[in-house]
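Shown next, in structure tokens, is the structure this report addresses.
Chain naming here is simple, since letters A, B, ... match the order of the sequence lines and numbering starts at 1 in each.
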Amino acid sequence: MLHRSHRNEIVANAAVFDAGWVPADFRSRDAELNTMATALEPILDGEPASGLFLHGPSGTGKTSSSQYLLEKLDEHAGHLETATVNCWSNHSRYRVLRRIVEAVDGPRARTRDHAAAALQERLADLETPTVVVLDEADQLDEPDVLYTLYELPALHVVATANTKADVLLGLDERIQSRLRTFHDVHFAPYTAAELDVILQQRVDHGLQPDVIEAAQVRQIARAANGNARDAIAALDGAAQRAVEDGAERIRDTHVETAIETASRAVRSETLDRLNDHQHAIYEIVAATEPASPGAIYERYADRMADPRSRRTVRKYLRKLEQYDLLVASGHAQAREYRLGPDAPRPS
DNA sequence: GCTCCACCGGAACGCCGGGTCG
DNA sequence: CGACCCGGCGTTCCGGTGGAGC
């Protein structure tokens with residue numbers, strides 16, 4: 001943080017590399033945005049619109065597209081409201097409803113009775129149409145909250161997830177079929193050429209002039225496997241390394257080491273969100289995979305001073321599975337846990 | 001204005017029924 | 001059938017937060 005913006009010869013505007021930064025000339029998902037806008041357009045005329053389901057792998061622009069869309073919709077202030085809920089940090093029914101009420105009434109507005117039921121009643125009374133983005137909706141503890149929102153007349157839901165099945169999993173068939181009326185928008189991995197454009201925007205808005213060569217940007221774009229988040233993290237990492245070296249320009253070695261560590265750094269953000277117990281379990285599986293549930297618990301209880309119960313560890317294992325950090329196979333005694341295919345190897 | 005209480009959400013727990021493999 | 005595992009359910013404890021009472 002310190003000195004980062006002060007006479008930096010490489011970085012002009014560090015905010016450009018933040019996950020939430022969306023360029024004003026966001027053009028990389030024109031087709032998808034058109035589909036989304038068309039689906040939501042009836043709202044402006046006070047007519048019903050279908051919900052939206054944005055699915056595709058991470059780093060393909062689902063969140064950026066929905067944020068960009070909300071910004072455009074906010075220009076119609078008065079006719080409609082918008083709200084964003086990150087379901088990773090707000091995964092309970094109560095938190096989701098609360099976030100939406102806060103977005104609509106302001107953070108200081110408090111209902112007398114702040115129970116989930118009261119929040120829902122408040123939203124049922126809404127008159128202004130409100131577009132709600134549920135980011136990472138597959139992290140919801142109770143996905144039927146989607147249905148709750150769907151049934152509230154003023155709300156229009158835009159849900160984001162890797163796959164639709166991840167979200168609908170565990171919902172009963174009746175609710176699933178209702179939610180199937182959501183309009184699907186698929187986000188495919190970016191091509192290297194598209195990533196090149198996306199990176200060039202960050203170069204133009206975030207770096208000093210002439211500190212990186214076009215060939216270096218192309219190299220980062222090619223290495224990112226269609227994932228914009230990885231690509232941007234690599235570009236940011238290369239710039240950071242050049243700053244640390246006191247270099248006047250970004251060198252090829254900066255690019256190469258940044259590419260190597262970027263995807264791992266992005267993935268380990270997932271690890272950072274785990275508590276100590278979940279972390280220990282993850283490391284045990286990493287060290288002993290394939291690992292049986294019983295053996296995992298024995299080792300875990302042995303290592304920790306205040307181990308959680310078997311029941312809680314089962315919950316943690318399920319959580320780690322949801323995060324794609326672990327995969328489970330087999331049933332009963334044949335049950336085994338392994339690291340997920342893209343899971344970071346702990347050091 | 002301050003303190004206390006009542007209520008809520010969330011985490012963790014034990015219990016237990018149901019499923020599956022050997 | 002027995003051993004093992006999963007996950008739903010009710011309970012308990014804790015921390016936060018308004019509102020009532022002084």
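- Whole-Å rounding puts the A/Leu97 CG to B/dC8 P distance at 15 Å.
- Rounded to whole Å, the distance from NE2 on A/His91 to C1' on B/dA11 is 11 Å.
- For DNA chain C, the residues of residues 303-334 of chain A within the heavy-atom distance limit of 4.0 Å (strictly under) are A/Arg311, A/Arg314, A/Arg318, A/Ala332, A/Gln333, sorted by number.
- Between A/Met36 and A/Leu69, the shortest heavy-atom contact is CE-CD2, 3.7 Å.
- Rounded to whole Å, the distance from CZ on A/Arg93 to P on B/dA11 is 16 Å.
- Whole-Å rounding puts the A/Asp141 CG to B/dA12 P distance at 12 Å.
- In this pair, A/His79 and A/His76 present their aromatic rings perpendicular. The plane angle is above 60°, beyond the 30 to 60° band.
- Nucleotide B/dA11 holds its P atom 15 Å from the CG atom of A/Asp276, rounded to whole Å.
- Note: A/Trp21 and A/Phe26 fail the aromatic proximity criterion, with ring centroids not under 6.0 Å apart.
- Note on A/Tyr337: every side-chain N or O is 4.0 Å or more away from OP1 and OP2 of C/dC5.
- Taking the six-membered ring where the residue is Trp, A/His55 and A/Phe53 present tilted rings, their angle falling between 30° and 60°.
- Heavy atoms of A/Ser92 sit under 4.0 angstrom from primed sugar atoms or phosphate atoms, though from no base atom.
- Of all non-hydrogen atoms in A/Val104 and A/Glu81, the two that sit nearest each other are O-OE2, 4.2 Å.
- Rounded to whole Å, the distance from CZ on A/Arg99 to C1' on B/dG9 is 17 Å.
- With sequence neighbours excluded, no residue forms a side-chain contact (heavy atoms from CB on, under 4.5 Å) with A/Glu41.
- Note: CZ (A/Arg335) to C1' (B/dG22) measures 17 Å, nearest angstrom.
- We find that CD of A/Glu336 is positioned 16 Å from P of C/dC4, with the value rounded to whole Å.
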